[in-house]
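Provided herewith is a single structure, encoded as structure tokens, for subsequent inquiry.
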Amino acid sequence: MKKKIQEETAKLFDWLVETRRDLHMHPETGLQEIRTSAKAAEELQKLGLEVKTGIATTGVVGLLHGGSPGRTIAIRADMDALPVREETGLPFASKNNGVMHACGHDAHVAMALGTARVLAGMREQIHGNVKFIMQPAEENLGGARDMIVEGAMEDPKVDAIISIHVETHASVGTLTIKSGPIWASADAFVVSINGKGGHGSQPHDSVDPIHIAAHVIVAIQTMIPRMLDARDPVVVSVCSIQGGTAFNIIPESVTLSGTVRTLSQERRAVMPAKLEDIVRGVTATFGGTYDFTYVPAVPVTSNDPGMTEIMRGVAEDLWGAENVLDMERPNMGSEDYSYYVKEVPGVMGRLGAAKAGAERYPAHHPKFDIDERCLPFGVELLSATAIKFLNGNV
Ligand SMILES: [Zn+2]
Ligand SMILES: [Zn+2]
């Protein structure tokens, strides 16, 4: 089937480029993916898939039944764009002012639809089902969770999930992959430090929350690395601080907020208490009080070892072992793909998409762009990995 996948994918190149450019021209931010999801649903329906729409607002699920019964594998694509003003100058640049596909999700949708075309053409040989999960709002880090809550992983129950993300720092024709954690968890905290307001000239009659906040920030940044084993990493950043109205008034309170990133569930679990201990101790020392809120958001994204081996093996078989690169270390950013891989074994690989000879811009940059020659590689990889999982060989 490998040869058939490669032949069918090669025929799709122009269509993949056209589809990706159409999506690129009409980007929509999270939960607004109306045109994008309508297009995805239409393409999947044309192929005779069982299609459900309106899941988690704009999500689409397409189910392809193979010719014989078996397990179900899901292929996930995220559909949302970003509130970024595009500066690529491309002829197919965004027509939606201030919104841009700056993370390559246009390519993800095109590749998932291309995979649906390839696999629909060989459905008789497939043992089991392939479920296409086209989700909204990855950038808001909530789309995946809502898709799961609304049943995207059920009926039939998904046994495993695969996905790819374009990688503009790796060459076209490569896969970068690793087993275990690849993206961090992302949680938020908000601390209000309450003191006693007064005149700036008379701090002895006040409890100065700005002074306490300064100590809290320094204590967080010095205590976390002293208290927690550096071999299980954590990043804490205080990213906002608000308080005060004038140069000579000590305010009543100051509010800080920040983000916490970890690479393990164990480390993630201890962070609320560790942070609150610091806040409690420092504010008490200076005579203030506090309110502490910890907002769990996204879990760690961890690639299942077995699924990683399947995708890695398929890529080596398709493109040669020299084009399959080890991801050296996880990224402390986050992906809401984490929610799926908490439910079932799954893997996300990074598909090489660097534009040869052009300056490389990271994801979310206004000049971000991919080399479209990566698109058929993605289709081949997703198609062959799904078949390998379901049929045992490609
Ligand atoms: Zn992104
Ligand atoms: Zn992305």
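All ligand and atom numbering here is 1-based and tracks the order in the structure. Everything numeric here is computed off the predicted structure, so don't read it as measured data.
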(message) Under the rule for ring-ring contact (aromatic ring centres under 6.0 Å, His included), what residues qualify as partners of H108, not counting sequence neighbours?
(response) H105, H165
(message) Side chains of S185 and T262: any donor to acceptor distance under 3.5 Å?
(response) yes
(request) Only counting residues at least two apart or in another chain, list the ones meeting ring-ring contact (aromatic ring centres under 6.0 Å, His included) with Y290. (result)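 ring-ring contact (aromatic ring centres under 6.0 Å, His included) check on Y290 returns nothing, list empty.
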(request) Output, by chain and residue number, all protein N/O/S atoms separated from the Zn ion (ligand 2) by less than 2.8 Å. (result) C103 SG, H105 NE2, H165 NE2
(request) Output yes when D371 and R360 qualify as a salt bridge under the 4.0 Å nitrogen-oxygen rule, no when they do not. (result)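 Salt bridge flag = no for R360 with D371.
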Please tabulate, one pair per line, all N/O donor-acceptor pairs under 3.5 Å involving side-chain atoms of residues 96-104, not counting sequence neighbours.
from	atom 1	to	atom 2	distance (Å)
N96	ND2	P27	O	2.8
N97	OD1	R85	NH1	2.7
H101	ND1	D106	N	3.4

(message) What I want to check is whether the side chains of T36 and E28 have a donor and an acceptor closer together than 3.5 Å.
(response)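 Indeed, the side chains of T36 and E28 share at least one donor-acceptor pair under 3.5 Å.
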(request) Give the atom name of whichever N/O/S atom in H364 sits closest to the Zn ion (ligand 1). (result) NE2
